[in-house]
> 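Attaching a single structure in structure tokens format; questions to follow.
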Amino acid sequence: MSEMTKPVKTRFAPSPTGFQHIGGMRTAFYAWLLARHYGGKFILRIEDTDQERKVPGAIRFILEELKWFGVDIDEGPSREELRAIGEDYPDAPNLSSPHGPYIQSLRKARYQEVANQLIKLGVAYRCDCTHEMLERERLEQMARREVPGYSGYCRTRDVPADKPHVVRFKMPYKQEIALQDALRGKVVFESASLKDPVLLKSDGLPLYHLAVVCDDHDMGVSHVLRGTEWLPTAPLHWLLYQALGWEPPVFCHLPVVLGSDGKKLSKRHGATSSDIFRKEGYLPEALFNYVVLVGWAPGQGSNQEVFTREDLIKQFTLEGINLSSGLFDYNKLIWMNGLYVRQLPIEEFISRCESFLTQAGLPGADATFRAIAPHIQERVKILTEVPDMVSFLYKEAIDREIDSMLQKGIDASKAKEMLSVGRGALQNLPDFSHSAIDAALRPLAEKFGVKPGPLFMVYRIAALGKKITPPLFESLEILGKDRALKRFSETEQLLG
RNA sequence: GGCCCCAUCGUCUAGCGGUUAGGACGCUGGCCUCUCACGCCGGAAACAGGGGUUCGAGUCCCCUUGGGGUCACCA
């Protein structure tokens with residue numbers, strides 16, 4: 001796209017019908033990034049015109065989710081607006097609301113005003129057809145293998161305003177409608193594919209089509225970023241802008257995000273809501289980075305894929321967005337999360353582990369954990385792995401994968417002897433540091449005629465229980481002499 | 001089915017008429033090494049097919065195929 005000619009203002013406009021899945025969040029990220037890149041504004045608007053589908057608490061969830069990702073909002077529902085629909089909560093942000101309300105159910109009068117304007121303009125009309133009539137019409141059309149849609153029966157009936165009615169848009173019968181999409185260029189539709197759609201429902205609330213056009217205009221939105229599912233109805237929005245004499249925004253229909261099986265992202269794919277990602281131990285900055293990368297790349301020959309937030313703001317433009325839908329690859333996310341985990345300053349790593357530790361029933365970030373933390377940080381990909389890696393330091397009795405120590409010519413009696421000799425070597429150590437432990441145990445390998453690896457595996461299983469652990473000597477040091485020796489002798493007993 | 005969108009390794013992508021088609025994840029061989037992880041070195045792996053345009057097409061055009069979206073008083 002060429003240069004931005006007007007101030008950039010983008011919006012995220014979710015409907016509060018439950019959790020946002022990660023594909024929807026990506027749309028929010030792109031809109032936010034675009035606004036920040038051009039030094040514009042990012043607004044949040046709640047599209048709750050379907051009163052039946054709204055779920056209590058969903059707005060709070062969206063707000064907290066955006067906050068978790070560090071997506072800050074310039075304009076959005078004020079505290080008062082939240083209160084007006086019963087969705088206020090302690091610590092709710094009181095967003096600046098210069099073109100408010102930013103909650104559609106609070107803008108009813110405005111939509112009715114615009115609907116009336118459209119009727120006066122002759123491009124919309126009242127319709128009182130019943131659901132039954134509509135259904136019968138639809139069935140007949142399908143029987144005749146026609147495209148289903150409203151026939152336009154009420155177009156000329158002049159239904160009085162005091163009768164229950166909807167307001168429909170008078171779709172031109174046979175006309176090409178061309179609209180500009182920022183990513184695809186000119187897209188041409190036949191008007192026949194859209195048949196007199198409803199703009200205002202009989203309950204007086206608008207349908208999406210009326211509400212978006214009206215709000216995006218009223219709120220000064222310059223760029224509409226939304227999923228491709230909106231592309232087929234975009235001509236209607238375009239026509240509405242024309243009828244009203246409003247300048248349309250730049251439309252940008254984003255490809256969808258699919259699950260790893262190529263199907264639309266859903267619960268079946270495991271985590272799809274940011275809430276679940278958080279609980280599973282993903283870092284918001286890693287998730288943000290990864291999600292932005294599904295469908296966007298810096299281009300210009302750049303290979304960069306790890307970005308700080310500032311990098312992203314600096315480099316994000318519409319040109320980098322890809323046209324084809326992308327699969328969400330959990331493998332790559334996990335890899336990237338590991339990368340971010342490793343980059344965390346140690347103190348930060350420790351504090352982020354805290355809640356995962358306590359949730360697993362461990363004491364939390366105590367001295368023991370602080371000691372082992374540097375050794376597990378580089379082995380962790382997602383934070384939920386942490387408790388398992390350190391639990392050997394907290395349990396009184398550990399389970400031991402005995403089979404793993406009995407290998408490469410080491411049978412039970414030999415292992416037992418190794419433990420006994422090793423215990424002797426450690427017993428006299430005045431300084432139970434990892435380097436001293438190393439120095440005491442390493443020479444024993446030669447004595448037993450084995451490589452250090454297999455010998456240390458015996459000690460590893462004995463003291464830590466598992467085949468895969470943090471480094472042995474450091475772990476022993478943190479475990480402490482008494483407990484280390486006790487675990488050695490316990491194992492000797494176990495081996496008969 | 002109608003309409004619309006899309007098409008480079010399994011996945012995310014670089015490429016914007018002339019390249020040994022590059023990178024990343026994953027997979028895999030090796031090194032490092034007390035296990036694992038990290039790190040480093042190497043490998044297998046792609047232009048969906050067919051027509052054009054051009055001296056020359058992954059790059060431009062058309063068709064086919066494949067995938068996706070959408071056809072509500074939901075968004």
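Just so it is clear: chains get the letters A, B, ... in the order the sequence lines come, proteins before strands, and each one is counted from 1.
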> Looking only at the side chain of A:E305 (C-beta and beyond, no hydrogens), which of the listed nucleotides B:rA24, B:rA37, B:rA14 gets closest?
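Between B:rA24, B:rA37, B:rA14, the one nearest the side chain of A:E305 would be B:rA24.
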
> When the P atoms of B:rA14 and B:rG23 are considered, how many whole Å apart are they?
15 Å

> Is A:G295 touching bases, backbone alone, or none of the nucleic acid, heavy atoms closer than 4.0 Å?
sugar-phosphate

> When the P atoms of B:rU59 and B:rG42 are considered, how many whole Å apart are they?
31 Å

> Under the side chain to side chain donor-acceptor pair (under 3.5 Å) rule, what pairs show up with a residue in residues 374-384 of chain A, not counting sequence neighbours?
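Counting only pairs at least two positions apart or across chains, no side chain to side chain donor-acceptor pair (under 3.5 Å) contact touches residues 374-384 of chain A.
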
> Would you say the side-chain atoms of A:K481 pair up with the backbone N or O of A:L429, donor to acceptor, closer than 3.5 Å?
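Looks like yes, one N/O pair under 3.5 Å.
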
> Could you pull out the closest heavy-atom pair between A:P255 and A:I321, with the gap in Å?
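It is CD-CG2, 4.4 Å.
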
> Choosing from B:rA7, B:rA14, B:rC12, which nucleotide comes nearest the side chain of A:L327?
B:rC12

> Do the charged groups of A:K332 and A:D329 touch, with an N to O distance under 4.0 Å?
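A salt bridge is absent here (no side-chain N lies under 4.0 Å from a carboxylate O).
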
> Would you mind classifying the nucleic acid contact of A:P298 as base, sugar-phosphate or nothing, using non-hydrogen atoms under 4.0 angstrom?
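Nothing, no nucleic acid heavy atom in range.
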
> Looking only at atom C1', what distance separates B:rU8 and B:rG49, rounded to whole Å?
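B:rU8 and B:rG49 have their C1' atoms separated by 15 Å.
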
> B:rU11 phosphate, OP1 or OP2: any side-chain N/O from A:N331 under 4.0 angstrom?
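The answer is no; no side-chain N or O of A:N331 sits under 4.0 Å from OP1 or OP2.
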
> What nucleotide among B:rC25, B:rC38, B:rU35 has an atom nearest to a side-chain atom of A:W335?
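Closest of the options to the side chain of A:W335: B:rC25.
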
> Would you mind reading off the distance between A:L254 atom CG and B:rC4 atom P, rounded to a whole angstrom?
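Between P of B:rC4 and CG of A:L254: 21 Å.
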
> Do A:W230 and A:F251 have their ring centres less than 6.0 Å from each other?
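No: the rings miss the under 6.0 Å criterion.
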
> Please compare A:R184 and A:E474 by the position of their nearest nucleotide in RNA chain B and report the one closer to 5'.
A:R184

> With a 3.5 Å limit on both atom pairs, tell me what B:rG2 is paired to, counting Watson-Crick and G-U wobble, or say none.
B:rU70

> If we ignore hydrogens and angles and just use 3.5 Å, is the side chain of A:E280 paired with the main-chain N or O of A:I382 as donor and acceptor?
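No; zero donor-acceptor contacts below 3.5 Å.
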
> Expressed as a whole number of Å, how far does the P atom of B:rA24 sit from that of B:rA44?
14 Å

> Have a look at A:L472 and say if it touches a base, only the backbone sugar-phosphate, or nothing, with a 4.0 Å heavy-atom cut-off.
base

> Any base atoms under 4.0 Å from A:T469, or only sugar-phosphate, or nothing? Heavy atoms, all strands.
base

> Reckon A:V380 touches a base, only the sugar-phosphate, or nothing at all at heavy-atom distances under 4.0 Å?
nothing

> Taking only side-chain N and O atoms of A:K332, does any of them lie within less than 4.0 angstrom of OP1 or OP2 on B:rU13?
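A:K332 to B:rU13 OP1/OP2: no side-chain N or O under 4.0 Å.
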
> Mind calculating the distance between CZ (A:R342) and C1' (B:rC38) to the nearest angstrom?
6 Å

> Considering the options A:W335, A:F328, A:F307, which one meets the ring pair (Phe, Tyr, Trp, His ring centres under 6.0 Å) requirement together with A:Y290?
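Exactly one candidate clears the test, A:F328.
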
> Checking all strands, does A:F473 fall into the base, sugar-phosphate, or nothing category for heavy-atom contacts under 4.0 angstrom?
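Result for A:F473 = base.
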
> Across nucleotides 69-75 of chain B, 5' to 3', mark each nucleotide with B, S or - according to how protein heavy atoms within less than 4.0 Å reach it.
BSS-BBB

> Name the pairing partner of B:rA48, where a pair is Watson-Crick or G-U wobble with both distances under 3.5 Å, or state none.
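Partner of B:rA48: B:rU64.
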
> Under 4.0 Å between any heavy atoms, over every strand shown, what does A:E52 touch: base, sugar-phosphate, or nothing? Just pick one.
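If one applies the 4.0 Å heavy-atom cut-off, A:E52 turns out to touch nothing in the nucleic acid.
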
> Please collect all ring-ring contact (aromatic ring centres under 6.0 Å, His included) contacts where either partner lies in residues 439-477 of chain A, sequence neighbours excluded, each pair once.
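The answer is A:F456-A:F473, A:Y459-A:F488.
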
> Please state the C1' separation for the pair B:rA45 and B:rC9 - nearest whole angstrom.
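Between the two C1' atoms, the distance is 5 Å.
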
> Is it true that a side-chain atom of A:Q304 and a backbone atom of A:V306 form a donor plus acceptor pair closer than 3.5 Å?
yes

> Mind checking who B:rA24 pairs with, Watson-Crick or G-U wobble, both distances under 3.5 Å?
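The base-pairing partner of B:rA24, which may sit in any strand shown, is B:rU11.
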
> Using a heavy-atom cut-off of 4.0 Å across all strands, would you classify A:K451 as base, sugar-phosphate, or nothing?
nothing

> Test for a donor-acceptor pair under 3.5 Å between the base of B:rC34 and the side chain of A:R460, counting only N and O atoms.
yes

> Given that both distances must come in under 3.5 Å, which nucleotide forms a Watson-Crick or G-U wobble pair with B:rC36?
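When the pairing criteria are applied, nothing turns out to pair with B:rC36, so the answer is none.
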
> For atom P, what is the distance between B:rC61 and B:rU54, given to the nearest Å?
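Looking at atom P only, B:rC61 and B:rU54 are 16 Å apart.
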
> Report the residue (A:I468 or A:V187) whose heavy-atom-nearest nucleotide on RNA chain B is the more 5′ of the two.
A:V187

> Pick the C1' atom in B:rG18 and in B:rG58, then give their distance to the nearest Å.
13 Å

